[in-house]
Q: 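Got a structure for you, questions after.
A, B, ... follow the sequence lines: proteins, then strands. Residue 1 opens every chain.
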Amino acid sequence: MVSVAEKTLVQPTGGLRRRFMTLLYRSEGVRGYALLLPTLLVMIAMLVVPLGTLALQSFWTQIYFKLDHSFTLNNYLQIFDFKQNPIYLVLLFRSIIMSLMVTFFVVITAYPMAYFLAFKVQRHKLVWLILITVPFWTSYLLRVFAWKIILGFQGVINSGLISLGLIDQPLEFLLYNQTSVVITLTHAWAAFAILPIYVSLEKIDRSLLEAATDLGDTPRERFWRVTFPLSMPGVVAAGLLVFIPTVGDYVTPNVVGGTSGIMIGNIIQSLFGKANNAPLGSAVSIVMMAAITLLVCAFLMLIGRRRWKHAET
Amino acid sequence: MAADESFIAIRNLSKHFGSVKAVDDISFNIRRGEFFSLLGPSGCGKTTLLRILAGFEIPTKGDVLIDGQDMTTVPPHLRPTNMVFQSYAIFPHLDVKQNIAYGLRKTGISKEETERTVNEALEMIKLPGYGNRRADQLSGGQRQRIALARALVCKPKVLLLDEPLGALDKKLREEMQLELRQLQRSVGITFVFVTHDQEEALTMSDRIAVMSRGKVLQIETSSRLYEAPNCREVADFIGTMNFIDGSVAGSENGYAVIDAGPLGSLRAPNAERPFERNRRVTLAVRPEKLRIETAPPGDGTNSVAGKLGAQSYLGDRSHFYVEVPGMTKRIAVASQNATRNLDITDSGDRPVWVSWPVESGVLLPGE
């Protein structure tokens, strides 16, 4: 008697909760979304909303201190009007070229380090990995300033060369141009490229290398025929990791770039700041992001196509 | 050209890893065109020896000669050897054709020639039309064949195989054993085959070297290795063996008389490596050479009395385990169920007699 009464009492209160729990257990879809929810909220708040705002703003107009909220494509027309305002497209193109150079130099400097770490270091790999990150314990800005000291008119290199008597006048091509920006960015991003390349090298089955040697390859041939092709995923990842953020970098060109070394990021910064034209700045940002996206997609498709072709034929 | 008898000559070879002697002062020859197996438990040094032959390890001491040429310090890519790796080591970024043709680039043959060689190789391993598949689209057996073809198209003087069948399932492994043996006969290349699977070694090899703790214990043909092991370790490693400890008490009709303590007096052939009087010896007998009887057997055979401890019925044969007073291990008897007998499952502590013809025993040095 008692137990029956209790059961009928308990059921209504537990019903809703239980029904939800049942749904949660039974439906993988519901469970999936429930698990995804925190990340999804963060992504919406931190990525989707700001990007949406940026895109929306790019269709507005700045009239002195006021924003005209009416929809217009003028900002974009201004960017792509090459005759009147070549600056945006020229800077975008230059930034992309400089970033490609940075990416190239980063990969070729990071690769030997990653190779050393993967194949030559037998013990204490973690210590070596930590050592590689040591420069990152200081701020990015400080590292950029350090390069200014190294490359400067009276910097380490110039004064060193003068004191050695190799040159009379300080070399002027070292600082405040594209070269100095590329050097500084290369140094700043090298460590980011080491890790993905290291991981892809570390993953290579050592018996594949022995097999290549066994089949007649010298160590050099083996590198180009087996090691390098198998480390391509790491190289591609490293390349993207460096290329994407460096296109929009404005700190390094600002400090060591001078007037000839400025990049698209500097324009965006000044449009949002001194020039007080946030809508145009938004539009330039959107164009830059679109350009990067297009380039990266084209690149990935090219790699993917080659793989597909390989698998099909 | 060296003599066929010493096509591969291993001279006082040692390889030390720190204080571990992986290979410990080994000397032997491998004949031209031979299917030679290195058999032993893991860690016995067989793989190290193979890797020394391939050139991946430089020996601490001693020399290796292949076809009369000193190979001791020749790097792997310049050696007339090719290897089939345990993991097959199929290049994942290349398709089957490119994998097989990998070593051909060095030979400087034309594109057409390469294409033809690769197609022939695919025919040989019974995978025609698989040329454009990628490594990840292949099964274990197919990878194994491709690794084999890739090594064989280079026409090595010696093919080294590092447990190539270890990763395959039992049925496929047995199939591949036969295929590999046939292939070796048809190409006539010297095969050096490393395995820890004694059955595999026995079925495939012309000769087998049994290794243990960096030493070679015995080099023999399959049947001699099984029927006439030269020490207790080999006898124990190959198949199942019963061991009875004792000492030589005398000789009678050309047989040694063994005083086996509580087991009484037993006889064994003593011609091959005659043991002197009073030497500690171990008499070894295979389970299938033994007969189990419920009444004491007549004279002329060795017999031991005990009681039936356990038995297992395996269909085509039965295994009996006989407890003999004075022996720590039970004597194993394998009996073929050649005639239909439904009573055999009867168990219990019955007194039984285990007997065997004198010729079936092998005398080994005692411990």
Side-chain angles (χ1 to χ4, degrees), chain A residues 107 111 114-115 118-124 196-239 299-313, chain B residues 47 50-51 53-57 74-108 131-137 143 146-156 158-164 167:
Chain A
V107 168
Y111 202 98
Y115 188 93
F119 291 108
K120 304 293 170 195
V121 177
Q122 304 292 342
R123 282 187 293 172
H124 310 305
I197 298 172
Y198 163 74
V199 169
S200 68
L201 286 171
E202 185 71 31
K203 268 203 323 214
I204 296 174
D205 182 357
R206 297 304 188 262
S207 68
L208 292 175
L209 305 179
E210 287 190 340
T213 312
D214 188 63
L215 291 163
D217 274 1
T218 60
R220 188 187 297 253
E221 286 168 333
R222 179 184 72 188
F223 175 78
W224 289 112
R225 291 180 81 190
V226 179
T227 316
F228 187 68
L230 288 178
S231 67
M232 270 319 274
V235 172
V236 169
F299 174 66
L300 289 178
M301 265 172 70
L302 202 73
I303 300 174
R305 174 94 55 82
R306 268 177 58 192
R307 277 223 179 130
W308 270 353
K309 255 189 178 169
H310 208 107
E312 274 168 17
T313 49
Chain B
T47 299
L50 194 80
R51 288 173 61 80
L53 290 178
F56 295 129
E57 307 283 355
V74 175
H77 64 276
L78 299 175
R79 288 193 185 209
T81 58
N82 281 113
M83 190 148 163
V84 176
F85 290 83
Q86 190 169 13
S87 59
Y88 315 137
I90 301 293
F91 300 116
H93 60 300
L94 303 176
D95 64 22
V96 170
K97 266 187 184 168
Q98 290 168 319
N99 260 289
I100 295 176
Y102 195 93
L104 288 174
R105 212 184 61 152
K106 277 286 169 128
T107 55
N132 296 313
R133 299 253 188 134
R134 290 177 69 84
D136 49 17
Q137 299 170 305
R143 281 159 182 256
I146 287 152
L148 198 64
R150 184 177 68 181
L152 282 175
V153 292
C154 301
K155 300 199 172 61
V158 181
L159 186 73
L160 308 166
L161 302 106
D162 185 9
E163 307 215 13

Q: Taking every non-hydrogen pair under 4.5 Å, which of Arg51(B), Arg105(B), Gln86(B) racks up the most with chain A?
A: Arg105(B)
Q: For Thr213(A), does its backbone N or O pair with a side-chain atom of Asp217(A) as donor and acceptor, under 3.5 Å?
A: no
Q: Apply ring-ring contact (aromatic ring centres under 6.0 Å, His included) to Phe119(A) and list each qualifying residue two or more places apart in sequence or on a separate chain.
A: Tyr115(A)
Q: So, does His93(B) use its side chain to make a donor-acceptor pair with the main chain of Arg225(A) at under 3.5 Å?
A: yes
Q: Of the backbone (N, CA, C, O) and the side chain (C-beta and beyond), which part of Arg150(B) lies under 4.5 Å from a heavy atom of chain A, both, or neither?
A: both
Q: With a 4.5 angstrom heavy-atom cut-off, which part of Leu78(B) approaches chain A: side chain, backbone, both or neither?
A: neither
Q: Where does Asp214(A) contact chain B at under 4.5 Å (heavy atoms): side chain, backbone, both or neither?
A: both
Q: Please identify each residue that fulfils ring-ring contact (aromatic ring centres under 6.0 Å, His included) with Tyr102(B), with sequence neighbours left out.
A: Phe91(B)
